[in-house]
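Beneath this line is the structure, given in structure tokens, with notes to follow.
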Amino acid sequence: AAEKTVEKTAEKDPEIKSSKGKYGIKSGIIEYKTQMMGMEVKQVNTFDDYGQKQAQEMAMEMMGTKVNNKTIIKDGFIYNLDLTNKTGTKVPLTSMSQKSDIDFENLTEELMTDMNIKKIGTEVFLGKTCDKMSIDYKEIQMKGTYLVYKGIPLSMDSEIGAMKMKMVAEKLVENPNVPADKFDIPADIVFTKQ
């Protein structure tokens, strides 16, 4: 029984956990410009604790309506918040929800085979040497090319089915101090059951 306890402690210890994080740096702020379906969307991703906590903010105008969404990932949940209408949904973080959000730092052979991910070289982007990865994931008809730096996709050119999407980082800040309230859920959001 004593051995079991040791294993549990290792999981809780952030120092030991850091090598298992989604990203190779503790915190970061990435500003993206995304083009999809003829629209251009600005997105800012902020993460801390090697990606254990993430906040993704997106603002755009759709048919004359302003859309202001924020996704917070923490404590094993994904919170999707609509800041305009003050509504939100909360879903458990499962391996399925992570399928389209690839964890490049911890790719297993199984996942690379399953999603047909290959490293096809390196390329310098935003002054960083990135791994160039290709993906051809038949299950969700997704294929594309990524430039990945320390687990962070800085450029992504993909298509899922007939939908093309191009996401390019315009700015990357490494290891900034991220205020804890960045990952707070606003008090006025009403969560709807899904």
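The analysis underlying the following values was restricted to heavy atoms, covering all of them including side chains, and did not include hydrogens, waters or symmetry mates. Given the structure is predicted, the values throughout are model-derived calculations rather than measurements.
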Exercise for the section: Measure from NZ or CZ of Lys90 to the centre of the six-membered ring of Tyr79 and say whether it is under 6.0 Å with the direction within 45° of the ring axis. Expected result: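 Geometry flag: not set, cation outside 6.0 Å or 45°.
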Problem - Of all pairs that satisfy ring pair (Phe, Tyr, Trp, His ring centres under 6.0 Å), the ones with a partner from residues 155-178, not counting sequence neighbours - result: none
Handout entry: Inter- and intrachain pairs under ring pair (Phe, Tyr, Trp, His ring centres under 6.0 Å), touching residues 104-130, at least two apart
Key = Phe104-Tyr146
How would you list, by chain and number, every residue that makes a side-chain hydrogen bond (donor to acceptor under 3.5 Å, both in side chains) with [X], sequence neighbours excluded?
X	result
Asn116	Lys118
Gln141	none
Asp136	Lys138
Thr145	none

Problem - Ion pair check, Glu123 and Lys128, cut-off under 4.0 Å - result: no
Practice task
Answer yes if the side chains of Gln54 and Tyr23 hold a donor-acceptor pair under 3.5 Å, and no otherwise.
Solution key: yes
Exercise for the section: Please indicate whether Asp181 has more than 12 foreign heavy atoms, meaning atoms of other residues, nucleotides or ligands, lying under 6.0 Å from its CG. Expected result: yes
Could you tell me which residues satisfy salt bridge (charged side-chain N to carboxylate O under 4.0 Å, His left out) with [X], sequence neighbours excluded, listed by chain and number?
X	value
Lys42	Glu170
Asp188	Lys86
Asp131	Lys119
Asp157	Lys166

Handout entry: N/O donor-acceptor pair under 3.5 Å between Asp82 side chain and Thr84 backbone
Key =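 Between the backbone of Thr84 and the side chain of Asp82 there is a qualifying donor-acceptor contact (under 3.5 Å).
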Problem - Donor-acceptor pair, side chain of Ser27 and main chain of Pro176, under 3.5 angstrom - result: yes
Problem - Pairs meeting criterion salt bridge (Lys or Arg N to Asp or Glu O under 4.0 Å) with involvement of residues 56-65, two or more places apart - result: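 Every pair satisfying salt bridge (Lys or Arg N to Asp or Glu O under 4.0 Å) with a residue in residues 56-65: Glu57-Lys182, Glu61-Lys66.
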Completion exercise
Hits for side-chain contact (heavy atoms from CB on, under 4.5 Å) against Thr34, two or more places apart or cross-chain, chain-then-number order -> Tyr32, Val41, Gln43, Met165, Met167
